[in-house]
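Proteins come first, then strands; the chains are lettered A, B, ... in the order of their sequence lines, and each starts at number 1. We use all heavy atoms of the structure for the numbers below, so side chains are in, but hydrogens, waters and symmetry mates are not.
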Amino acid sequence: MASVAKIARRTFLIGAAAVAGGVAVGYWYISRPYANPLEGGLAEGEATFNPYVKIAPDNTITVIAPRAEMGQGISTTLAALVAEELDVPLDMVKVEHGPASFAYYNAALLEEGGPFPFYDQSLMAETVRGALGGVSKALGFQGTGGSSSIRDGFEKMRQAGAAARYVLVEAAARKLGVAASELSTANGAIEHKASGREVAYGEVAAAAAAIDPPATVRLKDKADWKLLGKPQPRVDMLAKVTGAPIFGIDVVLPDMLFGTVKMSPRFWTKPVEADLSKAEKMPGVVKIVALETSYGHGFGVVAENTWAAFQAADAIEVEWEAAEYPADSAAISKTLQDALASGDGSALRDDGDVDTAFADAPRERLVEAAYEVPYLAHACMEPMNATARFKDGVLEIWSPNQMPTITRYLCSEAAGIERDKVNVHTTHLGGGFGRRGEMDFSIYAALLAKEAAGRPVKVTWTREEDIRHDTYRPAAAGRFQARLGDDGLPEALDMRIASPSVIGSALRRMFPSISPLGPDRTITDGSHNQPYAISNYRVTGIAADIGIPVGFWRSVGNSYNGFFHESFMDEIATAGKTDPVELRRKLMADWPTAVKVVEKVAAMAKWGEPLPSGRAKGFAFTLSFGGWVAEVVQVADTPAGIRIEKVWIAADVGTALDPGIIEAQLVSGAVFGLSAALGQEITIAEGMVEQSNFHDFDAMRISQCPAFEVAILENAERMGGVGEIGTPPAAPALANAVFTLTGKRIRTLPLSKEVAFA
Amino acid sequence: MRLIVDGKSIEFEADPEMPLLWALRDLAGKTGPKFGCGIAACGACTVHIGGEAVRSCSLPVGQVDGEVTTIEGLAASGKLHAVQQAWLDEQVAQCGYCQAGQIMSAAALLEANPDPTDQDIDEAMNGNLCRCGTYPRIRAAIKKAAALKTAGI
Ligand code: FES
Ligand code: FES
């Protein structure tokens, strides 16, 4: 790794976030607890113990799971953490997302923002983690992302449950006139076994809420867990199979209007000329409003129904300014290549002496390759939308979003309303994948609501608008070289990777007054921090500013670095005549957790056993968000094209709180990665995105979906994330399988540009 | 304009060109069917008309001929449909947004073909996109629902 001295000279981009909040981070500030946001909104007789638990006199127990539910099952597992310590079955609790509040800051979201690999537990690494977690706390940064919710909530949520249980028992002891130690709890009630008396939580909730909880509470031993560690029925499943109105797009309010937007198809540009007259005259149209925001410029339509709004948006005639960025995919590719050739970068990994190792390398010992991947859209199933109402000076926003506190902040800024007059209600999300950490859809709804004379407006984007105004997974290019030793193993590895900075782009639209500082570690995330021991090992990231908005796409930098690093490892294995699994076993020997997942997946997939002709397997490994994941993909040659037959996944997440949900997430992540590898790309022509809907930006369909076999391991010392970790190894495992099947090494995505898939 | 939706007669005023999906969602208060693409490419908006699976985003409301059933009307007399029960048992949904459409397509499939093969499932369900990748569990749940139906549960 880069030395501490090198690191100390750098300022990391995440530092910019602290500046953004305008906060001086001191010990006092970090340790200051936020007020309990539930206190203001309690029902008659209801009591709250901390920001996570409410209990009503009729024993209705409400748990706040303040992270966006976008399919990853977070509401179920967060509720299970509380229920475990509260000693109630999961089906006894009502789970709510709760209000936007600083109290629900996510410390783990920023913790890994430093330059250290996840396995680094040195004092320096831990100190920086603590400091960045503190930044999140000080900013009240409530967010769902970075596969961090469980790492953040594991202690907090259990403590919330345990602290509430403690005071409930205490209150029951006073009521029954016995010692607390004589009482036990189960199923939402406190029992005095000696006398056979029982008190429901609800009966003593009010009294209990007045008792101060102790400074520390003892949490259950893992061996005593009743809910955690076992698959739980998801708390949202019934709603989702009965079509309940839980999504942002389902919000219905009295007297509601409907709307949509038509934003400039050239990013950041303004209209040169616009003719609204035709659109304004269309039946059902209420108003057309010009929108100028940090996300872009364009028009909003308010109408009597969504269909009328869509049609009117279509009828707006606009000439837009020309783009100020490279206007087509060829020019973008050239920008990336130029950056690779000459750009200044920062090496977040620089072991040994790479330049010297390559200086005298004989040709036949060198492996060299160039890789490139395109922009990608998120294409959440639920198109972007939000509903807002501005009435009596108060702005209410119903938004399927991943960042409630920043949503509140930016909507208040955009609409010119005090922050404490803005309330954000977070609905379920019909997919998020990082897209819904953005604020554009909420801001647009807020601005249209201001023009709607107090009536609420539900603003829904067309799919075309959604695909063409994403914050894309950045395009990226890499040049790699390796020098092999006598044993065929790499003695030196040098990777240069150029890509636009996601964090720089996000700052531009969220906090335009702040200029990015220092390197963006996401550019090489998944390449600079992998558990491989190579004597001379350098990974350099070069930020190539292109101007197309880029953002956080499931697994962020890992999504392409996984492809780069693990495809190139496969090339190294081939050149050095080493089996790819054997190669990992040797290079990862210092990390037993990694070796165990590699060996596990190899055993599951019967790696190394001969296959019938016309079939092949590929292997890849990525450590991302603390999850150690190895995948094997098997492909078959069929008359219709290459078919992905089977995928084996072995993943180590440290502690597996809900194996059923983790299995679903690993499969989901892999399907997401395979979808991109199979056929997705966003291309640019004349400054505009060429794709527009699922006919030209599709994803894997059921007929293409392979069978999956998943193993979850728990050897890792630190707990890892789950929601994104299945994605990074999927594309390289597939590309490596295609190489073994066809002899064709494909170094660009999507693979479908080179081979046909069934 | 009058439609029978989920067994109830609903009156509303609409441009006959308006897609059934928007008439259901914005005018009839039926938000169960979802908007995903508007071009019959994702299946999120699937409803039944006369027992057939139909993409409501691409059918003008003026051309609707028959009773419409949405996900909200699938559970007859308060009991979950076999497909919904199987979805619950197999814990299929992730974000859930595509699932109303998936369930409606699966229910229509099982109505026409009580014991579908993998290939039958692929053909009937290929128009239903799921960005969360719940396909393996969808497959398992359809088989489970077929068994539940055969057993008369
Ligand atoms: S919304 Fe109808 S098929 Fe996509
Ligand atoms: S469950 Fe999310 S799109 Fe299918």
Side-chain angles (χ1 to χ4, degrees), chain A residues 69-73 231 233-234 236-247 249-250 252 258 283-284 304-308 310 379-383 428-433 460 462-464 660-661 664-665 667-672 675 693-695 698-703 705 707-708, chain B residues 14-15 17-19 21-23 25-27 29-39 41-42 44 70-75 80-81 83-85 87-88 91-100 102-104 119 121-123 125-139:
Chain A
E69 179 56 78
M70 48 189 149
Q72 81 282 41
R234 291 180 56 135
D236 50 358
M237 195 56 74
L238 185 64
K240 288 176 176 177
V241 304
T242 51
I246 56 174
F247 299 101
I249 206 169
D250 299 336
V252 174
F258 301 81
E304 297 293 344
N305 60 70
T306 309
W307 172 243
F310 283 0
C380 304
M381 273 315 288
E382 179 190 15
H428 276 256
L429 283 60
F433 314 125
T460 306
T462 60
R463 174 59 64 191
E464 288 76 9
I661 286 175
Q665 279 309 290
V667 170
S668 171
V671 169
F672 206 77
S675 286
N693 205 320
F694 293 126
H695 66 288
D698 205 358
M700 180 180 271
R701 301 283 172 152
I702 195 169
S703 66
C705 187
F708 280 88
Chain B
D15 175 352
E17 287 303 308
M18 180 187 290
L21 174 66
W22 293 113
R25 290 186 57 86
D26 290 359
L27 307 180
K30 290 278 179 186
T31 51
K34 297 292 184 262
F35 169 56
C37 68
I39 58 165
C42 78
T70 76
I71 184 78
E72 298 177 38
L74 194 62
L80 290 183
H81 186 280
V83 170
Q84 290 170 308
Q85 187 57 51
W87 246 245
L88 211 52
Q91 294 281 299
V92 173
Q94 289 186 26
C95 83
Y97 194 77
C98 72
Q99 300 296 344
Q102 304 278 5
I103 289 169
M104 296 309 280
Q119 203 183 337
I121 293 174
D122 280 356
E123 273 164 29
M125 304 299 294
N126 230 29
N128 286 87
L129 185 61
C130 175
R131 277 297 270 153
C132 298
T134 61
Y135 303 127
R137 291 193 186 188
I138 287 177
R139 205 179 278 286

Looking at [X] and [Y], what are the two nearest heavy atoms and their distance?
X	Y	value
Leu88(B)	Met237(A)	CD1-CG, 3.5 Å
Gly36(B)	Phe694(A)	O-CE1, 3.8 Å
Gln72(A)	Met70(A)	OE1-N, 2.8 Å
Phe247(A)	Lys34(B)	CD1-CE, 3.4 Å
Ile103(B)	Gln84(B)	CG2-CG, 4.1 Å
Arg131(B)	Ala699(A)	NH1-CB, 3.6 Å

Item to check | Side-chain donor-acceptor contact under 3.5 Å, Gln102(B) with Thr134(B) | outcome: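 No pair is found: no donor N or O on one side chain lies under 3.5 Å from an acceptor on the other.
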
Next on the checklist: Looking only at the side chains, is there a donor atom on one of Gln94(B) and Ser668(A) sitting less than 3.5 Å from an acceptor on the other?
Outcome noted: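 Result is yes, a qualifying pair exists.
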
Counting heavy-atom pairs under 4.5 Å with chain A, which one of [options] comes out on top?
options	result
Ala44(B), Cys130(B), Ala100(B), Cys42(B)	Cys42(B)
Gly96(B), Pro33(B), Cys98(B)	Gly96(B)
Ala93(B), Gly29(B), Ala14(B), Ala23(B)	Ala93(B)
Met18(B), Gln99(B), Gln119(B)	Met18(B)
Arg25(B), Glu72(B), Met125(B), Glu17(B)	Arg25(B)
Tyr97(B), Trp87(B), Phe35(B)	Tyr97(B)

Toward chain A, the part of [X] with a non-hydrogen atom under 4.5 Å:
X	value
Leu129(B)	both
Val92(B)	backbone
Ile138(B)	side chain
Ala75(B)	neither

Checklist entry - Which distance, rounded to the nearest 0.5 Å, do you find between the CG of Leu80(B) and the CG of Leu74(B)? => result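 These two atoms lie 9.0 Å from each other.
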
Checklist entry - Parallel, tilted or perpendicular for Trp22(B) and Phe310(A), by the 30°/60° rule? => result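 Aromatic pair Trp22(B)/Phe310(A) classed perpendicular.
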
Closest-packed option against chain B by number of heavy-atom pairs under 4.5 Å, given [options]:
options	answer
Val671(A), Ile661(A), Asp250(A)	Asp250(A)
Met700(A), Arg463(A), Met381(A), Glu304(A)	Met381(A)
Ser675(A), Ala670(A), Ala379(A), Pro231(A)	Ala379(A)
Asp236(A), Thr462(A), Asn305(A)	Asn305(A)
Ile249(A), Val667(A), Leu429(A), Thr460(A)	Ile249(A)
Pro245(A), Gly73(A), Cys705(A)	Cys705(A)

Checklist entry - Contact part of Ile246(A) toward chain B, heavy-atom cut-off under 4.5 Å: side chain, backbone, both or neither? => result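 For Ile246(A), neither part sits under 4.5 Å from chain B.
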
Checklist entry - Glu464(A): what forms a salt bridge (Lys or Arg N to Asp or Glu O under 4.0 Å) with it, not counting sequence neighbours? => result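 Salt bridge (Lys or Arg N to Asp or Glu O under 4.0 Å) check on Glu464(A) returns nothing, list empty.
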
